[in-house]
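Comments concern the structure below.
Chain naming here is simple, since letters A, B, ... match the order of the sequence lines and numbering starts at 1 in each.
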Amino acid sequence: MNGYNFAYLDEQTKRMIRRGLLKAVAIPGYQVPFGGREMPMPYGWGTGGVQLTASILGADDILKVIDQGADDTTNAVSIRHFFQRVAGVETTTATIAADVIQTRHRIPETPLRSGQILVFQVPIPEPLRFIEPSEQETRLMHALEEYGVMHVKLYEDIARYGHIATTYAYPVKVDDRYVMDPSPIPKFDNPKLNDSPALMLFGAGREKRLYAIPPYTRVESLDFEDHPFEIQSWEENCALCGSDHSYLDEVITDDKGGRMFVCSDTDYCQTRRGEVA
Amino acid sequence: MENRMTTEKDTSLDLAAWPALADPIHDSQRCFRQVLGALSEPGKRQTLTPFQGSPPHLGVALWGTLLALCDLETRVWIGADLDSASLRQALTFHTGARLVDDPALADFALLTPESFDPATPFAMGSDIYPDRSTTLLVVVETLVNQLGWRLSGPGIAESRDLNIGDSAGCQALMKRLGANRASFPCGIDAIFGAGDQLAAIPRSTRIAGGPSRPTAATEVN
């Protein structure tokens, strides 16, 4: 911790991000520009999420970091160590024990509670970006609530594949106003965004945007009357804990076609197996 | 040398009345989290106790909010009835914030419901950048969660009552905040402070009723 301010960022930067966060919760789903700083990790490793976490984190907060649901993968381990080192905060892998959870591409299976803050790492915050490359244009489209093209994109899926083939970063509409990219979480997690008791913050470091979903906010996944939104399901149960309702990762076990399906949320899986007392 | 510096800077700034945060890093983090909690759950009261002392007319909650959020990048507008040389001096001394006379330029506006004029042209942001708006910091006498305006919308599970007083000024202010819905996403957010109590109404909140409304639900019970 020597040589750094608490939680790495200087106070001036934290204040700038904090003021941005207050605007973000006041305008749910709107992308607030902020002066993103260079962090001691490359873009794509969660610099946006790290800057938000650094700005909100307090000395008595308990931090959990997950990467695709797992506490023990590279990105999660390195960010957790980073905050242990620069903020000296207590960390945990237990979802229920955490005050702040920084996440890459998953929402924990364990229901979140009031008072918790979930910080998402976002690569491309603009849901319309692959349709319209110009930032000026997409800002105008948000201002005019011009979201028809988003439905066209989903419709093209149906025309080509017979169903909506978008499986992650599935666009949502927040409080019936802004169309928002929920970050590359599987669409399996989209229903957890709706009416959640926890505050959800999103940070994109390279694009220098942050946005938020306050607790108890209506978040709808875009769909059609005749093609309603559906989440993924599996025929298998988790090979480790037997769960039939969590998001499963397929793990290749040998080179003879052997495979197994396991929970992507390691804390949830271990808790179910009774490994965490 | 030091003596001369002191004499030159010998002003009326009363550091007991306008205290700094004892632990600037952690105290401002705590204040911020309370303000974040207030704005993400509109109407829910937070208690801020960043320091001992009572800044004249402001209350510790709003003074703590100012200290936590203001710096040389922020512009603050001060309403006539709160304006004083000592406040201006204290705010500039502690935060370096720039004080402006034009409300349209202000990031934060400090006011009371009594001095609130709905015609004051606070910044509301633009359709493209709705975040470029003024946040009101309102000093109120009371802040209770009963028999007030009925709030709903993002951050509120069903509805929440918030009463900031029923003076004409309070009515006008809440009417103005209620009008935010029509201009959304443009609008102004408000943070209320009464002593060490803090609550907020962002522009996303729907506001109904008022303290003088017939409280049908209560009467039935």
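- Chain A is approached within less than 4.5 Å, heavy atom to heavy atom, by Arg181(B), Phe184(B), Pro185(B) from residues 176-187 of chain B, ordered by number.
- Using a 4.5 Å cut-off between heavy atoms, Leu39(B) contacts chain A through both its backbone and its side chain.
- Taking 4.5 Å as the limit, every side-chain heavy atom of Val32(A) sits out of range of all side-chain heavy atoms of Arg209(A).
- With a 4.5 Å cut-off on non-hydrogen atoms, Gln12(A) touches chain B through its backbone and its side chain both.
- Using a 4.0 Å cut-off between charged side-chain N and carboxylate O, Lys64(A) and Asp71(A) make a salt bridge.
- Leu66(B) places a side-chain heavy atom less than 4.5 Å from the side chain of Trp63(B).
- Interatomic distance, OG of Ser40(B) versus OH of Tyr216(A), reported as 10.5 Å (0.5 Å rounding).
- Applying a 4.5 Å heavy-atom cutoff, the residues of residues 99-125 of chain A that approach chain B are Val100(A), Ser114(A), Ile117(A).
- Interatomic distance, CG of Leu69(B) versus OG1 of Thr135(B), reported as 8.5 Å (0.5 Å rounding).
- By number of non-hydrogen pairs under 4.5 angstrom with chain B, the leading residue of Ile213(A), Asp61(A), Val174(A) is Asp61(A).
- The choice from Pro42(B), Ala200(B), Cys70(B) that makes the most heavy-atom pairs within less than 4.5 Å of chain A is Cys70(B).
- If you look at Trp77(B) and Phe122(B), their ring centroids are closer than 6.0 Å.
- Taken from CD1 in Ile62(A) to CD in Glu90(A), the straight-line distance is 4.0 Å, to the nearest 0.5 Å.
- Contact count versus chain A (heavy atoms, under 4.5 Å) is highest, among Asp71(B), Asp189(B), Ile128(B), for Asp71(B).
- The parts of Ser28(B) that come within reach of chain A are both its backbone and its side chain, each placing non-hydrogen atoms under 4.5 angstrom from that chain.
- Not less than 6.0 angstrom separates the ring centroid of Tyr8(A) from the ring centroid of Phe83(A).
- Of all non-hydrogen atoms in Gly205(A) and Thr47(A), the two that sit nearest each other are CA-OG1, 3.4 Å.
- Shown here is Leu72(B), whose CG atom has more than 12 heavy atoms of other residues, nucleotides or ligands within 6.0 Å.
- In this structure the side chain of Arg206(B) never reaches within 4.5 angstrom of the side chain of Leu151(B), judged on heavy atoms.
- Residues from residues 134-151 of chain A that place a non-hydrogen atom less than 4.5 Å from a non-hydrogen atom of chain B comprise Arg139(A), Leu140(A), Ala143(A), given in numerical order.
- Atoms OH and CZ, on Tyr170(A) and Phe229(A) in that order, are 6.0 Å from each other to the nearest 0.5 Å.
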- Message: For a side chain to side chain donor-acceptor pair (under 3.5 Å) check, start with the C-alpha distance between Arg160(B) and Asn145(B), then their side-chain angles and the critical distance, and finish with the verdict.
- Response: CA-CA 7 Å; Arg160(B) 187 175 285 132; Asn145(B) 284 125; over 6 Å; no
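- Heavy-atom minimum distance, Arg88(B) versus Ile78(B): CG-CD1, 4.2 Å.
- Contact of the Val138(B) side chain with the Thr112(B) side chain is not registered, since no non-hydrogen atoms from C-beta on lie closer than 4.5 Å.
- Below 4.5 Å, heavy atoms of chain B meet heavy atoms from Leu199(A), all part of residues 189-204 of chain A.
- Of the residues considered (Arg15(A), Lys23(A), Arg177(A), Arg18(A)), Arg18(A) shows the highest number of contacts with chain B, using heavy-atom pairs under 4.5 Å.
- In summary, the side chains of Gln146(B) and Asn163(B) do not present any donor paired with an acceptor at a separation below 3.5 Å, with no hydrogens or angles considered.
- Between chain A and the residues Arg132(B), Arg30(B), Glu73(B), the largest count of heavy-atom pairs under 4.5 Å involves Glu73(B).
- Between chain B and the residues Val25(A), Thr217(A), Leu21(A), Leu22(A), the largest count of heavy-atom pairs under 4.5 Å involves Leu22(A).
- Looking only at side-chain heavy atoms (C-beta outward), Thr205(B) and Ser152(B) stay at 4.5 Å or farther from each other.
- Residues His26(B) and Phe6(A) meet the side-chain proximity criterion, which asks for heavy atoms closer than 4.5 Å.
- Interface remark: Ala68(B) contributes backbone atoms only to the contact with chain A (heavy atom separation under 4.5 Å).
- Summarising the geometry of Arg33(B) relative to Gly58(A), their closest heavy-atom pair is NH1-N, 4.2 Å, with the distance given to 0.1 Å.
- Judged purely by distance below 3.5 Å, without hydrogens or angles, the side chains of Glu126(A) and Gln31(A) pair a donor atom with an acceptor atom.
- Counting heavy atoms from C-beta outward, Pro130(B) and Tyr30(A) have side chains that approach closer than 4.5 Å.
- Going from atom CD of Gln34(B) over to atom CG of Asp196(B) covers 10.0 Å, rounded to the nearest 0.5 Å.
- Chosen from Gly37(B), Ser133(B), Pro202(B), the residue pairing most often with chain A at heavy-atom distances under 4.5 Å is Ser133(B).
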